[in-house]
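Since the model is a prediction, treat every value here as computed from it, not as a measurement.
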Number of protein chains: 2
Amino acid sequence: MSEIRSPLRSGPRPGGRSLRVQEAVHAAVVALIEEFGREGLTVPQVAARAGVTPSTIYRRWSDIATLVSDVAQRNLRIDCPLKPCGRLSDDLPAWAEMYQDEMDSTPGRAMVRDVLRGWDGMQKACPLLDAVRPSIAMICDASSEPVNFDVEAVIDAVVAPLLTRMIFTDAPLASTLARDAAVAFVERHSPNASGSGRGQ
Amino acid sequence: MSEIRSPLRSGPRPGGRSLRVQEAVHAAVVALIEEFGREGLTVPQVAARAGVTPSTIYRRWSDIATLVSDVAQRNLRIDCPLKPCGRLSDDLPAWAEMYQDEMDSTPGRAMVRDVLRGWDGMQKACPLLDAVRPSIAMICDASSEPVNFDVEAVIDAVVAPLLTRMIFTDAPLASTLARDAAVAFVERHSPNASGSGRGQ
DNA sequence: CGTCTAAAGCAAATATTTTGCGTTAGAGAG
DNA sequence: CTCTCTAACGCAAAATATTTGCTTTAGACG
């Protein structure tokens, strides 16, 4: 198999001009948000900065919320610069803490907000969970002991409470919220768990 | 202490005209959404139906997303028509199933979407969790056995995974998702739990 | 190199949002 | 009860944003 010329194959006219326009528009959104903030960002502004006409943007993204949501998704890159040591009771809590720090920050929250503004209520809001699975899987794979749970269980136990409380709670999150959840989760699934224990 | 005359005390001019305007506007939003759907709903439309001028709406709510979000919050009334029998292993899963049915329905999802559109990323998106706590507390109170967990733990274990997967997942939810989570949760906290077991 | 078309440009037509200023309802004092 | 005072509303003009019909262009494919 020789190399594929076009890197994308989604739309009918993927390469060339369309791509350039998309990149220019995305770059303009990033630049303008960084410069003036998300508030008051308008399509004509973005169009001017990107060097395209507003109608181009309206036809492709329909409105500013969708566009910003699109950009936010592209830029969600919570890479996991984590070197698993092989012990789940260390690795999972460490990752959880890092993840919380990323998400519960000004840019993290802004990303979630922007992405959610473009959500239609039916299809998923964004590949946020997809972005997280590889990190969790990597940690599980690195475990020296057998793992008796799957990635989805980790999402339910540590990611879900974090996101839910970020979005639907007023008070600032306890800084160890995700870490604690991860610790409890690992404890619960360790082979020599004592059972019942205390709540939470 | 004698009775307070004004039922509201938030704004500087709470009763009378302001209140009438707010009610008319809210009613107009509800009616128009029911009639034509959320798509394409505009401030001028709402204003016309409510019998007020657009500028009134703009000054009070700033934009249609905020207004719709506001309305959605007022109408979130997931009442719990549930008669606890006193056994957590029955009551909690039953409630969880009912809750999922409410939330993962067309109107439920629309409500969450609308509410989230108005979220600013910092303060909580809506009192969704507050609305849920009383139901859980009622079930716990009705339990004939001692309860060794708190309401927040239930939110983390059953509500959070449900909401997170509704929002950040593509595939339709398993209809027993919340129920299963509740069953596992109760099991985990039952006095005679066997411990480790298999994950999820 | 020529054809064919999705996507971009352009500009006129609409629709919306913003704003300044006059008006009104209703709370509170006397 | 009447008077005063002001937050919130109405109105209309101005400023912006959005939609739309038609033309032009880039680039995929034969």
Side-chain angles (χ1 to χ4, degrees), chain A residues 2-29 32-33 35-71 114 117-118 120, chain B residues 2-29 32-33 36-71 117-118 120:
Chain A
S2 59
E3 287 200 51
I4 293 174
R5 192 77 62 84
S6 309
L8 272 174
R9 214 70 192 89
S10 51
R13 192 93 359 137
R17 186 162 63 158
S18 290
L19 189 74
R20 277 201 309 277
V21 167
Q22 174 182 316
E23 283 172 348
V25 169
H26 278 196
V29 168
L32 287 171
I33 286 182
E35 200 160 337
F36 306 109
R38 164 67 224 258
E39 290 309 300
L41 188 72
T42 65
V43 170
Q45 265 172 39
V46 174
R49 173 70 74 110
V52 302
T53 53
S55 61
T56 295
I57 294 181
Y58 286 120
R59 279 199 253 253
R60 246 170 98 163
W61 286 277
S62 79
D63 58 26
I64 192 80
T66 307
L67 171 57
V68 173
S69 178
D70 199 40
V71 171
D114 292 342
R117 290 252 172 94
D120 71 348
Chain B
S2 58
E3 288 199 51
I4 293 175
R5 192 76 62 86
S6 310
L8 272 175
R9 215 65 191 94
S10 50
R13 194 94 358 138
R17 186 162 61 156
S18 291
L19 189 73
R20 278 201 309 277
V21 167
Q22 174 182 316
E23 284 172 349
V25 169
H26 278 196
V29 169
L32 286 172
I33 286 182
F36 306 108
R38 163 68 224 258
E39 290 307 301
L41 189 72
T42 65
V43 171
Q45 266 172 39
V46 174
R49 172 70 75 108
V52 302
T53 53
S55 61
T56 295
I57 294 181
Y58 286 119
R59 278 198 254 252
R60 244 169 101 162
W61 286 278
S62 80
D63 59 26
I64 192 80
T66 306
L67 171 56
V68 172
S69 178
D70 199 40
V71 172
R117 289 253 173 91
D120 72 347

Hey, does A:Gly40 reach any base, or is it just sugar-phosphate, or nothing, if we go heavy atoms under 4.0 Å?
nothing
Rounded to whole Å, please give me the gap between CD in A:Glu23 and C1' in C:dA8.
16 Å
Whole-Å distance between D:dC9 P and B:Arg20 CZ?
11 Å
Using side-chain heavy atoms (C-beta onward) and a distance below 4.5 Å, is A:Val29 in contact with A:Asp70?
no
Are A:Val43 and A:Val46 close enough, and set up right, to give a side-chain contact (heavy atoms from CB on, under 4.5 Å), and what steps lead you there?
CA-CA 5 Å; A:Val43 170; A:Val46 174; 5.7 Å; no
If each of A:Gly51 and B:Thr42 is mapped to the nucleotide of DNA chain C with the nearest heavy atom, which maps nearer the 5' terminus, i.e. the 5' end?
A:Gly51
Rounded to whole Å, how long is the line connecting atom CD1 of B:Ile57 with atom P of D:dC9?
10 Å
At less than 3.5 Å, do the side-chain atoms of B:Ser55 and the base atoms of D:dC11 form a donor-acceptor pair?
yes
Please state how far atom CG in B:Leu41 lies from atom P in C:dT16, giving the value in whole angstrom units.
10 Å
Could you tell me whether the phosphate oxygens of D:dG10, OP1 or OP2, come under 4.0 Å of any side-chain nitrogen or oxygen in B:Thr53?
yes
Are more than 12 heavy atoms, taken from residues, nucleotides or ligands other than A:Glu35, located less than 6.0 Å from that residue's CD atom?
yes
Could you walk me through whether B:His26 and B:Leu67 satisfy the side-chain contact (heavy atoms from CB on, under 4.5 Å) test, starting with their C-alpha distance in whole Å, then the side-chain angles of each, then the deciding distance to 0.1 Å, before giving a yes or no?
CA-CA 8 Å; B:His26 278 196; B:Leu67 171 56; 4.2 Å; yes
What nucleotide among C:dT18, D:dC9, C:dG9 has an atom nearest to a side-chain atom of B:Ser18?
D:dC9
Rounded to whole Å, please give me the gap between CH2 in A:Trp61 and P in D:dA17.
18 Å
Whole angstrom is fine here: how far is it from OH in B:Tyr58 over to P in D:dA12?
17 Å
Expressed in angstrom and rounded to an integer, what is the separation of B:Gln22 atom CD from D:dA8 atom P?
12 Å
Between the base of C:dG9 and the side chain of A:Arg59, is one N or O donor paired with an acceptor at under 3.5 angstrom?
yes
Please examine the side chains of B:Val68 and B:Arg117, heavy atoms only from C-beta on, and report whether any two atoms are closer than 4.5 Å.
no
Expressed as a whole number of angstroms, how long is the span from A:Asp63:CG to C:dA15:P?
19 Å
Output the single nucleotide from D:dT18, C:dT24, D:dT25 whose closest atom is nearest the side chain of B:Arg17.
C:dT24
